[in-house]
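All chains are named by letter (A, B, ...) in the order of the sequence lines, taking the proteins before the strands, and each is independently numbered beginning at 1.
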Amino acid sequence: MNRNEPNDATPDAAPDAPHRHFIQQIIDMDVASGKWGAPGDRSVVKTRFPPEPNGFLHVGHPKSIVLNFSIAAEFGGSCNLRFDDTNPEKEEQAYVDSIIDSVRWLGYQWPGCVEHATPGEPAFYEGVRFASDYFEQMHAWACELIERGLAYVDEQTPEQIKLARGDVKKPGTLSPFRDRPAPESLAEFRKMTEGAFPDGSRVLRARIDADPVSKNPAPMASPNMNLRDPVMYRILNRAHHRTGATWHVYPMYDWAHGLEDSIEGITHSLCTLEFEAHRPLYDWFIRAINGEIPSPGAVPGVSRTAPREPRIHHPQQIEFARLNPTYIVTSKRKLRQLVEDGHVTGWDDPRMPTVSGLRRRGVTPEAVRTFCAGVGVTKFNAVHDVALLENAVREHLNKVAPRRMAVLDPLKVTITNWDRETEWFDIPNNPENAADGTRRVPFDSVIWIERGDFMEDAPNKFFRLKPGGEVRLRGAYWIRCNEVIKNDAGEIIELRCTYDPQTRGGDNPPPDAEGKVRKVKGTLHWVSVAHAVEAEVRLIDRLFLAEQPGKRTGDPVDDLNPESLKILNGCKLEPSFAAEGEGLTLLKEPGWSDGIRRFQFERLGYFCLDPDSTPGRPVFNRTVNLKDSWAKANK
RNA sequence: GGGGCAUUAGUGUAACGGUAGCACGAGUGAUUCUGGUUCACUUAGUCAAGGUUCGAAUCCUUGAUGCCCUACCA
């Protein structure tokens, strides 16, 4: 590309060009140089999201999902969803379904993906790749490597192998089987494949000699332990959730992963930092298959030495730092412990940092994507403030969530001078967007207000209701508190107030005789007692109290927030939640991409309808509270 | 007694040898029929020491600190 060409500035050369992270920069250069195709052809870029189906996706995974899919979209290439199902001991079909579901929920599609398919039906899996689909090919390549003297069957016990590997500071010792004749290894490997041996009795190992490219100084002496004759296949006489009883040997991740990417033509294999030290091994395997590693003279019976044609595709691996949010654990083991020990109700408990938990909590896929894009892509082990996620959630929900009034902790208020029938007010669904229309809310002589919105001995700064004080009831009237009624125990059970007819709709009353306008500082939400819908509301708070759970004692359980879930019963909702009719208009709701109904309960926070709801009894989860500068000031 | 990677306001992230910006957080004020939203302002930073250079967050050296690597897990 001629950089001196006048006036032909590329878009990314503009002074205000958006920042491109280091992975985008690498891909930009690869595209420009024609590394994978015709120079400048952006559509050659192929990525993939390669989860192992051994658990549920957690908050960390979307970063990788967003990265891989958005890069493919940006370049006009494609991103595969591929399961790394090489370990039948840990993997299950149920996890496959859950992961596909989560990726779909996040809003991404892979080549061949069929929209709106449900788990279990064939369309749901359309286009999804599986490492197990490539087992045959990988096995054939392994046999080639054996024939070329680059892999051997080792009959040592796992303990012997471990010991002989040495450690990071000391070289290991060579296996006595390392130089056995190639045909012998091949015969053994075939017998392993047929199921002739018990688990753990033999493995296929790569035979890695000194090699300048991977910086291996000598056999079994690399400071990179991954290069000390790693295991390629182990015997597992066990059925696989997809291939059934076909196989008795299964490939190890290090052998399989790079080959899966190669088979799919992945150009950029994006993964997390801990795989950095594995990259030389992946590269060695591909080079070996491509005939770039010479056959060792020490192995007798080498039957083929010719380089393989055509050569297989060699993807480029690039590592980035994983997502690491505060107040959250992401280790699969620790998440499992939370579920199994009953600290939460399940993998989709709204407090769980799983994708299904976030979804049930009411977090939107849009917010998750914004959050992931916001944390950036670097090689720095960062700690990400959850406030950033919460901010993304509030930002999205504030724009689109319909407003409703809900009283969580009700206190009865009687309007003593109300002498009319029910009055219906049209209240905006969302002050942020007039196009969202209005809903009808009934006002009557007895209403509920939030217990916390009244104080008998209120400080000066308390703008809400107090004896003798006046507040606005949102969208209705101003009321003044004249009387506080208590029970025998001294608890406030009712407030007796008067309303001002001149404040209809909540507007300011006209100026008095001297031209002074009466003002009120507080506006309260309220619900008519006669029309209220009863609901259960689950106040979700962070699961852990510590920024980095478990750092203190080693066990995150010690940092659990005992108040992470408060279940409130007898909450009062305005009746527009119920069915239409009786002068009610159901409010217009946004087209939620996942069908989950979310609302802002005015002055309280964002809430979503939980699947536990029944027709007569809605259940809501609090996704996140509204910012509350009053509560903050009182801390 | 090895190797790899990293280090910029409280947190995260830009600046790619040439003015250290942005977002979140925190704080102050204004607006507001949500103590929400919005708006304005304030806050605070190149891990350390040397070197190269007219000029260094950026390049080099040394050190410090953090993370990762010694599964027949991924």
Are A:Trp448 and A:Val413 close enough that some pair of their side-chain heavy atoms sits under 4.5 Å apart?
no
Give me the residues of residues 155-175 of chain A where at least one heavy atom lies under 4.0 Å from an atom of RNA chain B, by number, or none.
A:Gln156, A:Thr157, A:Pro158, A:Ile161, A:Lys162, A:Arg165, A:Gly166, A:Asp167, A:Val168, A:Lys169, A:Lys170
Quote, to the nearest angstrom, the P distance that separates B:U8 from B:C47.
6 Å
Testing A:Arg542, A:Arg622, A:Lys627 one by one against A:Glu390 for a salt bridge (Lys or Arg N to Asp or Glu O under 4.0 Å), which residue passes?
A:Arg542
Kindly write out the residues that satisfy side-chain hydrogen bond (donor to acceptor under 3.5 Å, both in side chains) with A:Asp84, not counting sequence neighbours, or none if the list is empty.
A:His257
At less than 4.0 Å, is any side-chain N or O atom of A:Thr86 found next to OP1 or OP2 of B:A74? Yes or no.
yes
Contacts of A:Tyr250 that satisfy side-chain hydrogen bond (donor to acceptor under 3.5 Å, both in side chains) - sequence neighbours left out:
none
Applying side chain to side chain contact (heavy atoms under 4.5 Å, CB included) to A:Phe22 and not counting sequence neighbours gives A:Ile26, A:Ile318, A:Phe320, A:Val377, A:Lys379
Do any of residues 215-232 of chain A sit with a heavy atom less than 4.0 Å from RNA chain B, and if so which?
A:Pro223, A:Met225, A:Val231
What does the 5'-to-3' dot-bracket notation of RNA chain B look like when only Watson-Crick and G-U wobble pairs under 3.5 Å count, and pairs to other strands show as |?
.((((((..((((....[..))))((((((.......))))))...(((((..]....))))))))))).....
Just to verify, what does A:Arg202 make a salt bridge (Lys or Arg N to Asp or Glu O under 4.0 Å) with, not counting sequence neighbours?
A:Glu155, A:Glu188
Got a sec, which residues hit side-chain hydrogen bond (donor to acceptor under 3.5 Å, both in side chains) with A:Asp229, two or more places apart in sequence or on another chain?
A:Tyr152, A:Arg178
Sorted by chain and residue number, the side-chain hydrogen bond (donor to acceptor under 3.5 Å, both in side chains) partners of A:Ser528 (sequence neighbours excluded) come out as A:His531
Calculate the interatomic distance between A:Leu397 atom CG and B:G36 atom P; express it in whole Å.
17 Å
May I ask you to verify whether the side chain of A:Glu432 and the base of B:G36 hold a donor-acceptor pair under 3.5 Å?
yes
Decide yes or no for A:Leu270 and A:Phe49: does some side-chain heavy atom of the first lie under 4.5 Å from some side-chain heavy atom of the second?
no
Nearest-nucleotide wise, let me know which of A:Glu602 and A:Thr378 is further upstream toward the 5' end of RNA chain B.
A:Thr378
Among A:Phe130, A:Phe83, A:Phe135, which one satisfies ring pair (Phe, Tyr, Trp, His ring centres under 6.0 Å) with A:His240?
A:Phe135
Tell me, do A:Met405 and A:Arg439 make a side-chain contact under 4.5 Å, heavy atoms counted?
yes
Mind listing the residues from residues 252-260 of chain A sitting with a heavy atom below 4.0 Å of RNA chain B? Number order is fine.
A:Met252, A:Tyr253
For the base of B:U34, is there a side-chain donor-acceptor partner from A:Gln600 under 3.5 Å away?
yes
Under the rule for side chain to side chain contact (heavy atoms under 4.5 Å, CB included), what residues qualify as partners of A:Val471, not counting sequence neighbours?
A:Leu465, A:Ile479, A:Leu524
Under 4.0 Å between any heavy atoms, over every strand shown, what does A:Pro431 touch: base, sugar-phosphate, or nothing? Just pick one.
base
Proximity to the side chain of A:Ala382 - top-ranked nucleotide from B:C72, B:U13, B:G35:
B:U13
Do the ring planes of A:His139 and A:Trp247 sit parallel (below 30°), tilted (30 to 60°) or perpendicular (above 60°)?
tilted
Can you tell if the side chain of A:Tyr95 reaches within under 4.5 Å of the side chain of A:Phe56, non-hydrogen atoms only?
yes
Please tell me which of A:Phe462 and A:Val375 maps to the more 5' nucleotide of RNA chain B, matching each residue to the nucleotide holding its nearest heavy atom.
A:Val375
Step by step, work out the salt bridge (Lys or Arg N to Asp or Glu O under 4.0 Å) result for A:Glu91 and A:Arg242.
CA-CA 10 Å; A:Glu91 296 154 7; A:Arg242 284 185 60 81; over 6 Å; no
Taking B:G35 as the reference, what is the distance to B:A9 when you measure between their C1' atoms (whole Å, please)?
29 Å
With a centroid cutoff of 5.5 Å and a plane-angle limit of 30°, would you call A:Phe380 stacked on B:A6?
no
Contact class for A:Gln25 vs. all strands (heavy atom < 4.0 Å): base, sugar-phosphate, or nothing?
base
Which label fits A:Phe275 and A:His278: parallel for a plane angle under 30°, tilted from 30 to 60°, or perpendicular past 60°?
perpendicular
Rounding to the closest angstrom, what is the interatomic distance between B:U58 and B:G18 at atom P?
11 Å
Nearest to the side chain of A:Asp628 - B:A6, B:G35, B:C73?
B:G35
Which parts of nucleotides 17-25 of chain B does protein reach within less than 4.0 Å, heavy atoms only, written one letter per nucleotide 5' to 3' as B for base, S for sugar-phosphate only and - for none?
-------SS
